[in-house]
Amino acid sequence: MAPMLERFISPGKGNGLRTTTRIKRGELVYSAEPLACCVSNKLARDVCHYCFTRCETLLRCSQCKMARYCNITCQKQAWSSHKRECKCLQSLLPRIPTDSVRLAARLIFALLSPSKGSSEELYTLEEHESHLNSISEQKKHGLSQLASMLELYLQQEVPDLAQEALPPSCQEPLSLLAKVTCNCFTISDGELQEIGVGLYPSLSLLNHDCRPNCVMMFVGTKLQLRAVRDINPEEELTISYIETLSLTEDRQRQLEDQYHFTCHCQHCDSQDKDRLMLSGKESTWRPLKEALPRLEGLKAESDWQALLQGCSHLLSTVGSDVPDQNLYKLRMTDMALDASIHLGHWEEAAEYGEKTLQVYSHYYPDPHPVHGVQLMRVGKLQHYLEHIEDALDTFKQAYQIIKPTHGDSHPMTTDLLMRMEECRTEMVQQSSSKH
């Protein structure tokens, strides 16, 4: 762990992580490889299971038929960590264990292989909270079903966890799974789309804030912690555990349910954006709120045609009676943007995207990666539609955010620079062809 970070007791929160030096906005604070990670089941066919890169065509492991790799090099590199998992996967076919069960098993294999188990962490697995005492019976029941599945899955390779040279809490499937589900991080690509899950023990020390001073980015499976504002020595480092664009009570409910604490950050205590999120007359925006679950269902099923029809109908019905800042209108506009992109309706997509940008800047304090990624999406649409000047302007705004949140060498940042250069070249060509 870098000398600039130290573990401390954070008042009212328990363990935390703070800096010993002054950190500048955009600076890389820490980077780490996972102790264990795995690709999400729903993306198992689209992403290399070793380097986590999206690929059109992937080689499939001939034995378990589950693992996929972008080439023979990745397949060979992955073998040491896939070998034991491969036998377990074969034993369960055609069933596939859940992400958390696969991650817990990979953690056990990592701890049993000496090179991985002895790494210097500020926070050992033994110290990780399982929160078993504070979870509901229903949740505990769900975890015990996963624990039975883990035992069944490991039968071939580790028939009895208690007999293995593992930390005591990892010998008990229930507490192991409770720790894994509460402490794992979602690994995402540069556009913030989920790819997998991983365990980065030292970074489990990071506490939550709905307006954090750091963000986490990934390059493959490597986690990078970056500062999104200047941070003073001895100041606590925080990240957001959840997507923060929601009402205070909804954020607090989600944090309570998933992470077992009540958030008292300044953003929650002041409820400063709630009124704006509910702007407009309730009678006009209620139909949007009530329609959201059904539309989210269509999105989950990738029924883009029905989703776009539903969103555009409701949005045109409420028109300007509901302000663009209204949370439910924003969510619906975002879904309409997604659906338009999937259906190749570029003009429509650009219109929906442009509507969201002003609102995003209200809700996501810059530099926020979600705002940066949205700007980039809209810029790509404008560029495709040959609105070159608009596209360049949007890309410039995206760059101001992506550079500090993703860093200079991230593929997203280099892609953005290249697109800006393309726009400039095209503008020169256009002006010379006019003369």
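All figures in this text were calculated on a predicted structure; none of them were measured in a lab.
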**Q** List the atom of Q171, the atom of L166, and the distance in Å for their closest heavy-atom pair.
**A** NE2-O, 3.2 Å
**Q** Any idea which heavy atoms bring A336 and L315 closest together, and the distance?
**A** CB-CD1, 4.4 Å
**Q** Which pair of non-hydrogen atoms, one from E194 and one from R54, has the smallest distance, and what is that distance?
**A** O-NH2, 3.9 Å
**Q** Mind checking the CD1-OG1 spacing from I242 to T186? Nearest 0.5 Å is all I need.
**A** 12.5 Å
**Q** Identify the residue among I341, L337, L308 that makes a side-chain contact (heavy atoms from CB on, under 4.5 Å) with E348.
**A** L308
**Q** Verify side chain to side chain donor-acceptor pair (under 3.5 Å) between Q193 and S188, making sure each step is shown before the conclusion.
**A** CA-CA 5 Å; Q193 299 301 308; S188 53; over 6 Å; no
**Q** When you measure from the side chain of S175 to the backbone N and O of S169, does any donor-acceptor pair fall under 3.5 Å?
**A** yes
**Q** Using a strict cut-off of less than 4.0 Å between a Lys/Arg side-chain nitrogen and an Asp/Glu carboxylate oxygen, indicate whether R377 and D338 qualify as a salt bridge.
**A** yes
**Q** Report the residue from T248, D272, T244, D209 that forms a side chain to side chain donor-acceptor pair (under 3.5 Å) with H267.
**A** D272
**Q** Does a salt bridge link R22 with D230, judged by any charged N lying under 4.0 Å from a carboxylate O?
**A** no
**Q** Looking only at atom types and distance, does a side-chain atom of R251 sit under 3.5 Å from a main-chain N or O of S246, one as donor and one as acceptor?
**A** yes
**Q** Step by step, work out the ring pair (Phe, Tyr, Trp, His ring centres under 6.0 Å) result for Y123 and H128.
**A** CA-CA 7 Å; Y123 193 45; H128 279 51; 4.5 Å; yes
**Q** Run the side-chain contact (heavy atoms from CB on, under 4.5 Å) check on V197 and I187 step by step: do they pass?
**A** CA-CA 5 Å; V197 280; I187 299 172; 5.8 Å; no
**Q** Can you see whether S31 engages Q224 through a side-chain donor-acceptor pair at a distance of less than 3.5 angstrom?
**A** no
**Q** Out of T356, D324, D334, which residue meets the side chain to side chain donor-acceptor pair (under 3.5 Å) rule with K329?
**A**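 Output: one option passes, namely D324.
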**Q** Compute whether any side-chain donor of one residue and acceptor of the other, for D408 and T413, lie under 3.5 angstrom apart.
**A**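 Their side chains do not contain a donor-acceptor pair, so the 3.5 Å distance test is not met.
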**Q** For the residue pair E234 / T19, report whether a side-chain donor-acceptor contact shorter than 3.5 Å exists.
**A** no
**Q** Could you please spell out the steps behind the side-chain contact (heavy atoms from CB on, under 4.5 Å) verdict for N326 and V318?
**A** CA-CA 12 Å; N326 180 279; V318 299; over 6 Å; no
**Q** Taking the side chain from N232 and the backbone from E235, do they hold a donor-acceptor pair closer than 3.5 Å?
**A**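 No; judged by distance alone, with no hydrogens or angles, the pair does not exist.
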**Q** Distance alone, cut at 3.5 Å: any donor-acceptor contact between the side chains of H371 and Q374?
**A**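 No, Q374 and H371 have no side-chain donor paired with an acceptor closer than 3.5 Å.
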**Q** Under the 3.5 angstrom rule, does the side chain of T238 hit a backbone N or O of N207 as a donor-acceptor pair?
**A**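 No.
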**Q** Using every non-hydrogen atom in the two residues, find where A44 and R68 come nearest and quote the distance to one decimal.
**A**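 Heavy-atom minimum between the residues: O-CD, 3.5 Å.
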**Q** In terms of relative ring orientation, are H342 and W304 parallel, tilted or perpendicular, with 30° and 60° separating the classes?
**A** parallel
**Q** When rounded to the nearest 0.5 angstrom, what distance separates CG in L205 from CZ in F8?
**A** 10.0 Å
**Q** Check whether more than 12 heavy atoms from other residues, nucleotides or ligands sit under 6.0 Å from atom NZ of K83, and answer yes or no.
**A** no
**Q** Is there a side-chain contact between L111 and E164 (heavy atoms, below 4.5 Å)?
**A** no
**Q** Supply the atom-to-atom distance E151 CD to D160 CG, rounded to the nearest 0.5 angstrom.
**A**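 It comes to 8.5 Å.
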**Q** More than 12 heavy atoms of other residues, nucleotides or ligands under 6.0 Å from NZ of K139: yes or no?
**A** yes
**Q** Is any NZ, NE, NH1 or NH2 atom of the basic residue among E129 and K179 found under 4.0 Å from an Asp or Glu carboxylate oxygen of the other?
**A**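 No, no charged N to carboxylate O under 4.0 Å.
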**Q** Judged by atom type as modelled, is there a donor-acceptor pair below 3.5 Å linking the side chain of N15 to the main-chain atoms of I9?
**A**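 No; judged by distance alone, with no hydrogens or angles, the pair does not exist.
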**Q** Parallel, tilted or perpendicular: which fits the ring planes of H368 and Y364, with parallel below 30° and perpendicular above 60°?
**A**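 Taking Y364 first and then H368, their aromatic rings sit tilted (interplane angle of 30° to 60°).
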**Q** Test salt bridge (charged side-chain N to carboxylate O under 4.0 Å, His left out) on E191 and K380 and set out the steps.
**A** CA-CA 13 Å; E191 295 187 2; K380 285 180 190 173; 3.1 Å; yes
**Q** Heavy atoms, side chains only, cut-off 4.5 Å: are M217 and L192 in contact?
**A**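 Yes; the side chains approach each other to less than 4.5 Å.
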**Q** Quick one: pull up CG in D366 and OG in S361 and give me the separation to the nearest 0.5 Å.
**A**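 Going from the CG atom of D366 to the OG atom of S361 covers 7.5 Å.
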**Q** Taking it one step at a time, do L152 and R95 satisfy side-chain contact (heavy atoms from CB on, under 4.5 Å)?
**A** CA-CA 12 Å; L152 183 68; R95 285 175 302 168; 3.8 Å; yes
**Q** Do you know the tightest heavy-atom contact between H362 and Q325?
**A** NE2-NE2, 3.7 Å
**Q** When you look at H141 and Q138, which way does the side chain to side chain donor-acceptor pair (under 3.5 Å) test go after all the steps?
**A** CA-CA 5 Å; H141 179 64; Q138 185 189 356; over 6 Å; no
**Q** Look at the side chain of S279 and the backbone N and O of R275, then say whether any donor-acceptor pair between them is shorter than 3.5 Å.
**A**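 Such a contact is absent between S279 side chain and R275 backbone.
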**Q** Run the salt bridge (charged side-chain N to carboxylate O under 4.0 Å, His left out) check on R253 and D250 step by step: do they pass?
**A** CA-CA 5 Å; R253 190 183 307 118; D250 294 335; 3.0 Å; yes
**Q** Assign the ring pair H406 / H410 to parallel, tilted or perpendicular, where the plane angle (0 to 90°) is split at 30° and 60°.
**A**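 Plane angle over 60°, so perpendicular.
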**Q** Going from OG on S144 to CD on E137, what distance comes out if it is rounded to the nearest 0.5 angstrom?
**A**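 Result: 9.0 Å between the selected atoms.
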**Q** Is there side-chain contact between M66 and E85, with at least one heavy-atom pair below 4.5 Å?
**A**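 No. Closest side-chain heavy atoms not under 4.5 Å.
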**Q** Would you check, one step at a time, whether the test side-chain contact (heavy atoms from CB on, under 4.5 Å) holds for L176 with I108?
**A** CA-CA 9 Å; L176 175 65; I108 286 165; 3.4 Å; yes
**Q** Give a yes or no answer on whether the side chain of K140 reaches the backbone of L132 with a donor-acceptor pair at less than 3.5 Å.
**A** yes
**Q** Do E351 and K355 sit within salt-bridge range, that is, some charged N less than 4.0 Å from a carboxylate O?
**A**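 No, no charged N to carboxylate O under 4.0 Å.
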**Q** Could E127 and R7 be called an ion pair, given the rule that one side-chain N must be under 4.0 Å from one carboxylate O?
**A** yes
**Q** Is Q252 reaching over with its side chain to a backbone N or O of T262, donor-acceptor style, under 3.5 angstrom?
**A**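 Flag not set: sc Q252 to bb T262 has no pair under 3.5 Å.
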**Q** Going from CG on L143 to CG on L150, what distance comes out if it is rounded to the nearest 0.5 angstrom?
**A** 11.5 Å
**Q** May I ask you to decide if C37's main-chain N or O and R102's side chain share a donor-acceptor pair within less than 3.5 Å?
**A** no
**Q** Within a radius of less than 6.0 Å around CD of E243, do more than 12 heavy atoms belonging to other residues, nucleotides or ligands occur?
**A**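 Correct, the count exceeds 12.
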**Q** For a side-chain contact (heavy atoms from CB on, under 4.5 Å) with Y50, tell me which candidate from Q77, K76, Q75 qualifies.
**A**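 Among the candidates, only Q77 passes.
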**Q** Hey, are E236 and R18 close enough for a salt bridge, meaning a charged N less than 4.0 Å from a carboxylate O?
**A**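 Judged by the 4.0 Å cut-off on N to carboxylate O distance, E236 and R18 do not form a salt bridge.
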**Q** Say whether, by atom type as modelled, one donor and one acceptor occur between the side chain of Y69 and the main chain of C61 under 3.5 angstrom.
**A** no
**Q** Over all heavy atoms of both residues, which pair between H208 and Y241 is shortest? Give the atoms and the distance, please.
**A** ND1-N, 2.9 Å
